Student: 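Before anything else, here's the structure in question.
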Number of protein chains: 4
Amino acid sequence: MVTPVANTRSGRPRDERIDSAVRAATVDLLNEVGYAALTLEAVAVRAGTSKPALRRRWRGRQHLVVDALAATVGTSPTPDTGCTHCDLIAGIQTLTEAFTTKIGRRVLPALVADLADDPELAETFLNRYFHPRRATTAEALRRGIERGDLSPDTDIDLLLDMLASTTYYRVLFGHLPVTEGLAKQVVETILAGVATPHWRNHHH
Amino acid sequence: MVTPVANTRSGRPRDERIDSAVRAATVDLLNEVGYAALTLEAVAVRAGTSKPALRRRWRGRQHLVVDALAATVGTSPTPDTGCTHCDLIAGIQTLTEAFTTKIGRRVLPALVADLADDPELAETFLNRYFHPRRATTAEALRRGIERGDLSPDTDIDLLLDMLASTTYYRVLFGHLPVTEGLAKQVVETILAGVATPHWRNHHH
Amino acid sequence: MVTPVANTRSGRPRDERIDSAVRAATVDLLNEVGYAALTLEAVAVRAGTSKPALRRRWRGRQHLVVDALAATVGTSPTPDTGCTHCDLIAGIQTLTEAFTTKIGRRVLPALVADLADDPELAETFLNRYFHPRRATTAEALRRGIERGDLSPDTDIDLLLDMLASTTYYRVLFGHLPVTEGLAKQVVETILAGVATPHWRNHHH
Amino acid sequence: MVTPVANTRSGRPRDERIDSAVRAATVDLLNEVGYAALTLEAVAVRAGTSKPALRRRWRGRQHLVVDALAATVGTSPTPDTGCTHCDLIAGIQTLTEAFTTKIGRRVLPALVADLADDPELAETFLNRYFHPRRATTAEALRRGIERGDLSPDTDIDLLLDMLASTTYYRVLFGHLPVTEGLAKQVVETILAGVATPHWRNHHH
DNA sequence: CCATAACCGAGACGGTACGTCGCGTCTTGAT
DNA sequence: ATCAAGACGCGACGTACCGTCTCGGTTATGG
């Protein structure tokens, strides 16, 4: 759980309708005003409750947002079709789609930036979002190796990073758009490489 | 210039010693307390001036930080040694080094996250930081193409993103460290690709 | 109470040590810098608290000063010795003495001037300062009437004003000093009048 | 003159239309927003000029107000009809009338309060407003003495203060209205006194 | 008669203080 | 005994205003 205070046992039980109302209010407000302008006060008012009720459940704005998004947005696993590059493209494609929503484009970067200041939040975030998605793509890579499509000494972690990072990079800096074909381009470049036979002969 | 108001003509000229004192104070405080805890008030006090003096020069915290960093940190261009992959590795290496400082690791992610909320800030940032560095690496790629090391139909923009993004990705999520050899790994993966000859024959 | 918001019922109770610390700081600063230069910010710093804490308790500088002075300075009642003019002189004398302090001479005039801009403040001031003092002098006048010293159709309100106003007038305009004998002169003039028997015969 | 800088001799002469425009703007704004909310900036804008133009002519807000009022409001002298108490009543009456205007009721008290902080301003004010009016009433008192209406050992200064101060007192504290008959009441009280023959025999 | 020098009007600046927003905490009453 | 909620203490923000400095333009005087 994310609740800072352990719900020990006795006494008045927590009103769970508040939990869901707050999560809904948080997502609503994120869509309306963004992350930087999200105030706990506004969330409490929108959810029809009070600030301390929020604070008892979440340590702060970041934790609330992580929890609210996790309960709302889902993760799409990388498929297993027998075609290595198709699976990878499909897996990265879902990342691209996640960045078409306002929350993806504007909230996620800010949230991620906050991870650096709070290791506990970072751990929560990684376990809830990052690693699940990453694990399914890692499976696809391992299948590719077994299938003989990918080199057996492939550094899977490195590849996972290279596959996903470009999309994120473009969203963050905004210097180039995240096009529909980007996933395909990235996957094929990583698989095929860009060097000419001339270079390959000279250096490998 | 970053000054929000153009210094048209008449009136009292701006005291430029304040500009430099504030920039220095900003960098100092970024190193001490980080970006999230950076206060305009504290910067003003540290610089021996006042809040309105800052506000006249910079639109907000973000703009001040961009300007202060630009005036302090420099950009290391990608070298030109005649060896394509050596140059690329060296170019990416400087990015890795930039993330070894506290400012690189903790300030830059937060700053970049703020770009999404302010297009004007994003433009300033890109023109001051991003594009200059990127341009020198783009040159290295073009030389590689001319030299016959890289495929002539290489998508340069895509490659530039793929080269730099992995480092940034690891810094942001912190799931894996940014090692010294990362630049080399990334460059060689992109050049050589990870697919086996078996895959290449089947699909290309 | 002077507190703008009624302390209805629930919620965190107010820290009363802040109240007294602020009042003490206010009186100190009034003695040091006067009324015009009295800053809420400086009061907060001196009292070791913050501006919003002050603002929750008092609507503004004026209200704070009224409250701080009322809690510090006391009112000396007009005595009852059986001698009408002696009592009146003694009563007015305390007013003279109040104007020997720096707060009396420099703070009160400015404070009183502010009453015109804020009816609520004026009411508070009158109830706390003005009327209590005035009531005791009114008693002395009524005793003088009963005793047969003063004309039974005396306009008490008018006399109260005439007794006190001269001292105030001299303090305000500073054209003449407030001497020790002033109270006696005023009282005796009002009692005896300045007209000659010649005038009295002609007009009354 | 009120001009802080002596208009020595050569150079560009001062634009006197600005003087009168500023004075008019000052009076206008005093009527609109009062004294406390009067800002030099607003005056400058209203007068179609700039702040330094004002500052060159007047040392501050107070001096500007004193000058603007002096150039606008006039002083009505105490008449000389041969009737002592009639003249005195008429003289005080003009004071009453002065306090029926908004400027009289709201601006004058605040302005007078500022006199305590600036001796030079106080002198200017006394010479322009206070003493001229006072002198004409003093003449009336001297005529009353010569005429045999007033006691020859009358303290003229004391009487002048007692005559005028009550009106001012009521305006300042607002505890009682300044009625039309107030002047008459004050004058007759001072002339006749309020003591009974019983008291007079016992103590004088 | 013109050049010079002084002064004027105006804009922008540096800084103090204000009033406000939001966070995180504490205390009371109700469940 | 624990929860929900209101109020509080405080850090920081963004703004208004003051008093000052500098600039370009205008005007009287001296050569």
Side-chain angles (χ1 to χ4, degrees), chain A residues 5 7-15 18 37-44 48-57 59-61, chain B residues 3 5-18 37-45 48-57 59-61, chain C residues 3 5-18 37-45 47-57 59-61, chain D residues 5 7-15 18 37-42 44-45 47-57 59-61:
Chain A
V5 177
N7 206 342
T8 49
R9 199 123 1 154
S10 74
R12 175 176 173 179
R14 198 162 268 173
D15 186 346
I18 289 184
L38 184 78
T39 66
L40 285 185
E41 204 135 22
V43 172
T49 182
S50 70
K51 246 186 316 175
L54 272 68
R55 191 156 301 283
R56 256 190 299 279
R57 291 167 168 80
R59 191 186 302 271
R61 208 175 45 159
Chain B
T3 53
V5 178
N7 206 341
T8 49
R9 199 93 33 116
S10 79
R12 177 176 175 174
R14 207 159 261 176
D15 186 345
E16 302 197 0
R17 289 168 308 180
I18 290 183
L38 184 76
T39 301
L40 280 187
E41 203 140 21
V43 172
V45 170
T49 182
S50 67
K51 258 185 303 177
L54 268 69
R55 195 158 294 282
R56 234 179 258 108
R57 289 169 168 78
R59 190 186 305 268
R61 210 177 44 160
Chain C
T3 54
V5 177
N7 206 342
T8 49
R9 198 102 24 130
S10 78
R12 177 177 175 175
R14 207 159 260 174
D15 186 345
E16 302 198 1
R17 289 169 308 181
I18 290 183
L38 184 76
T39 301
L40 281 187
E41 203 140 22
V43 173
V45 169
T49 182
S50 67
K51 257 185 305 176
L54 269 69
R55 195 158 295 280
R56 245 193 299 281
R57 289 168 169 78
R59 191 187 302 272
R61 212 176 42 160
Chain D
V5 177
N7 207 342
T8 49
R9 201 126 357 158
S10 75
R12 176 177 175 177
R14 201 161 266 174
D15 186 345
I18 289 184
L38 184 78
T39 65
L40 285 185
E41 204 136 22
V45 169
T49 182
S50 69
K51 248 187 313 175
L54 270 68
R55 193 156 299 282
R56 255 190 298 277
R57 290 168 168 80
R59 191 184 303 268
R61 208 176 45 159

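A, B, ... follow the sequence lines: proteins, then strands. Residue 1 opens every chain. Being a predicted model, the structure only gives us computed values, none of them experimental.
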Student: Side chain of B:K51 only, please: which of E:dC13, F:dC8, F:dC13 is the nearest?
Tutor: F:dC13

Student: Counting side-chain heavy atoms from C-beta on, which of F:dC10, E:dT16, F:dT20 comes nearest to C:T49?
Tutor: F:dC10

Student: Specify the separation, in whole Å, of atom CZ of A:R59 and atom C1' of E:dC23.
Tutor: 16 Å

Student: Would you mind telling me which of E:dT25, E:dG22, F:dC18 lies closest to the side-chain atoms of D:T39?
Tutor: F:dC18

Student: Would you state whether a donor and an acceptor, one from the side chain of D:R56 and one from the base of E:dG9, lie under 3.5 Å apart?
Tutor: yes

Student: Measuring from the side chain of B:E41 (C-beta onward, heavy atoms only), which nucleotide among F:dA7, F:dC10, F:dA12 has the closest atom?
Tutor: F:dA12

Student: Calculate the interatomic distance between C:L54 atom CG and E:dG19 atom P; express it in whole Å.
Tutor: 11 Å

Student: I want to verify a distance call: between F:dA4, E:dG9, E:dA17, whose nearest atom is closest to the A:R57 side chain?
Tutor: F:dA4

Student: Between the side-chain atoms of C:R12 and the base atoms of E:dC26, is any donor-acceptor pair under 3.5 Å?
Tutor: no

Student: To the side chain of B:I18, which of F:dC18, E:dG14, F:dG6 is closest?
Tutor: E:dG14

Student: Let me see the working for D:R55 and D:L40 under side chain to side chain contact (heavy atoms under 4.5 Å, CB included), right down to the final yes or no.
Tutor: CA-CA 9 Å; D:R55 193 156 299 282; D:L40 285 185; 3.0 Å; yes

Student: Using whole Å, what does the distance between atom P of nucleotide F:dC8 and atom CD of C:E16 come to?
Tutor: 12 Å

Student: Using every non-hydrogen atom in the two residues, find where A:S50 and A:A44 come nearest and quote the distance to one decimal.
Tutor: C-CB, 3.7 Å

Student: Nearest to the side chain of D:R14, which nucleotide is it out of F:dC10, E:dC8, E:dG14?
Tutor: E:dC8

Student: How many whole angstroms separate atom CG of D:D15 from atom P of F:dT26?
Tutor: 13 Å

Student: Kindly compute the distance separating CZ (C:R61) from OG1 (C:T39), expressed to the nearest 0.5 Å.
Tutor: 7.5 Å

Student: Choose from F:dC13, E:dG24, F:dA5 the nucleotide whose nearest atom is closest to any side-chain atom of A:A53.
Tutor: F:dA5

Student: What's the spacing between C:T49 OG1 and C:R57 CZ if we round to 0.5 Å?
Tutor: 6.5 Å

Student: Tell me the closest heavy-atom pair linking C:R14 and C:R56, and the distance in Å.
Tutor: NH2-O, 3.6 Å

Student: Reading DNA chain F from 5' onward, which residue's closest nucleotide shows up sooner: D:G60 or B:G60?
Tutor: B:G60

Student: Whole Å only: how far is the CZ atom of B:R17 from the P atom of E:dC13?
Tutor: 16 Å

Student: Given that C:P52 and C:A37 both sit by DNA chain E, which one's nearest nucleotide is further toward the 5' end?
Tutor: C:A37

Student: Where the side chain of B:R55 is concerned, which of E:dG11, F:dA5, F:dG14 is the nearest nucleotide?
Tutor: F:dG14

